[in-house]
Amino acid sequence: MGDKLSKFFEDYLNKEPLFVNKKILQSGYTPENIPHRDEQIKQLAKVLAPALRKEKPSNVFIYGKTGSGKTCVSKYVVNEIYKTCKKNKLDVNVYYLNCKMKKVADTEYRMIAELARGFGANVPATGLPTEEVYKIFIDTIESKNQLLILILDEIDQLVKKIGDNILYNLTRLNSELKNCEMAFIGISNDLTFTENMDPRVKSSLSEEELVFPPYNAIQLQDILKERANLAFRKNVIEEGAIEKCAAYAAREHGDARRALELLRVSGELAERDNQLKVSIKYIDDAENKIERDRILDIIKTQPKQQQLTTYSILEFHNKGKKIFTGEIYGYYLDLCRRVGLKPLTQRRISDIIAELDMLGIINSKVISKGRYGRTREIQVTIPSSNLTKIEEALKEGLGL
DNA sequence: AGGTATTCACATGAAACTATTCTCTGAGTTAGG
DNA sequence: TAACTCAGAGAATAGTTTCATGTGAATACCTGT
């Protein structure tokens, strides 16, 4: 037994890995070269250029679907500006903030607190009035004469959640600052985002606008090839694999992030199977695995009540009938009794079902059954190959 | 037959409540000078 | 008297409950032919 294992490790070590540098395919990586975004880079650079003379550049709004290079390009350009400024001893600072990150910047308080922390202040997670946090933030940045460039990624999410008040406050802050200035780069996935926003905020925040079109399959191929060259050893990718990755991602509005993830996971799977090459079949496997892991992760980290709801839905799904809210609630009540949990109201379950829909675990649509009322018709979108694993995870989590 | 009115079974919204986490403040306590 | 402790007040936030209102179309109910 021990022999076998040590041989396994031995083999593992001697085997040439497929990857040279896996980091290059991971999502946080900012490449040196961004193909097919020259135009956008140039435009953004043009807008931000005044920063090099320490004048406040216009605020910019960047739109585009997920994985169209928004974050990548803005980080890249801003970083270049930062470097140049440092070289010329200009006090220009940049800060990147992702507003969607749970528990970090998804409320007004947390966002300002996070910004303040980013510039060195010490802000507690709770307990202070929001006004106070604003003051701390102002004080910290005002301690130096500087120009700030703030990248607010995915603000549409934040605004959707807590309103556009926060943006108004931010832009207004600028006029209260004596010592320094702030420029904003807002990044949004939602193209219609500014439409129902306070016009005052809109005009001051989106003085300039950039739209990132989605990549097409050919462009995705270029991106993948470039990164694959850096990330993998030479010639480990089978002919056509890259093309397939690109095609899959292109099908989903040209999401480069997805394409890269697909390629990375394919590589990981191939490596695990001791293959010398990443063959095409691994891409299908990878797509399956990504989806399964995503759902499994969501479900495992859900609170018990959500798990119960999900479980109820899956049980009904197995019976192969159409599923409606009322049935689920009934079954859910039953489950609660069995597990010994205090059941929630139907109102709440209704919301939970809507949340599950948002997460892409199920597909629900509101229909009217005429005389027999109005309800949600629910469909499970999990492919059946993944269903059993997920059910088991649920059962285990619930102790059933 | 054709047109209205009902009605069902929830959806959807808003507000209020609960519980938790954390700060700040000031009263009371302690220990050293 | 300075330093420390500790309870209470006040904030932010997540997750719910309560109350109120909305709604699409299958049926029930008319109506005049």
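Predicted model only: the values in this text are computed from it and were never measured. Order of the sequence lines sets the chain letters (A, B, ...), proteins ahead of strands, with each chain counted from 1.
Listed by chain and residue number, nothing satisfies the side-chain hydrogen bond (donor to acceptor under 3.5 Å, both in side chains) test with A:Asn216 (two or more places apart in sequence, or in another chain). For A:Arg110, the side-chain hydrogen bond (donor to acceptor under 3.5 Å, both in side chains) partners at least two apart in sequence or on another chain are A:Asp106. For the salt bridge (Lys or Arg N to Asp or Glu O under 4.0 Å) test, residues two or more places apart in sequence or in another chain that qualify with A:Arg117 are A:Glu114. A:Lys365 is linked by a side-chain contact (heavy atoms from CB on, under 4.5 Å) to A:Ile367, A:Glu377, counting only residues two or more places apart in sequence or in another chain.
With A:Tyr63 as the aromatic partner, A:Lys70 does not meet the cation-pi criteria of under 6.0 angstrom to the ring centre and within 45 degrees of the ring axis.
For A:Glu355 and A:Arg348, the salt-bridge test passes: some basic side-chain N is under 4.0 Å from an acidic carboxylate O. The pair A:Lys135-A:Asp139 does not count as a salt bridge, with every side-chain nitrogen at least 4.0 angstrom from each carboxylate oxygen. Using a 4.0 Å cut-off between charged nitrogen and carboxylate oxygen, A:Arg294 and A:Glu291 count as a salt-bridge pair. Remark: A:Arg264 engages A:Glu268 in a salt bridge, criterion side-chain N to carboxylate O under 4.0 Å.
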Sugar-phosphate means primed atoms, P, OP1 and OP2; the rest is base. With that split, encode nucleotides 16-22 of chain B 5' to 3' as B, S or - using protein heavy atoms under 4.0 Å. -----BB
Reading nucleotides 1-6 of chain B from the 5' end, what letters show protein touch, with B for base, S for backbone sugar-phosphate only, - for no heavy atom under 4.0 Å? ------
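Cluster partners of A:Met358: none. The rule joins Ile, Leu, Val, Met, Phe, Trp and Tyr whenever side-chain heavy atoms lie under 4.5 Å apart, and it links nothing here.
Taking the six-membered ring where the residue is Trp, A:Phe19 and A:Phe232 present parallel rings, their angle staying beneath 30° rather than reaching 60°.
Contacts between residues 333-363 of chain A and DNA chain B, defined by a heavy-atom separation under 4.0 Å, are made by A:Gln346, A:Arg347, A:Ser350. DNA chain C lies under 4.0 Å from no heavy atom of any residue of residues 306-328 of chain A.
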Give the C-alpha distance, both sets of side-chain angles, the deciding distance and a yes or no for salt bridge (Lys or Arg N to Asp or Glu O under 4.0 Å) between A:Lys56 and A:Glu181. CA-CA 7 Å; A:Lys56 178 188 165 315; A:Glu181 285 181 302; over 6 Å; no
Given salt bridge (Lys or Arg N to Asp or Glu O under 4.0 Å), test A:Lys7 with A:Glu10 step by step and report yes or no. CA-CA 5 Å; A:Lys7 180 165 185 325; A:Glu10 200 64 26; over 6 Å; no
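Legend: side chain to side chain donor-acceptor pair (under 3.5 Å) pairs involving residues 388-400 of chain A, not counting sequence neighbours, sorted by first then second residue: A:Asn318-A:Glu391. Residue pairs meeting the side chain to side chain donor-acceptor pair (under 3.5 Å) criterion with at least one partner in residues 24-35 of chain A, sequence neighbours excluded, are A:Asn33-A:Glu226.
Along DNA chain C, read 5' to 3', the first and last nucleotides having any atom under 4.0 Å from a heavy atom of chain A are C:dG10 to C:dA28.
For the pair A:Arg376 and B:dT12, the criterion of a side-chain N or O lying under 4.0 Å from OP1 or OP2 is met.
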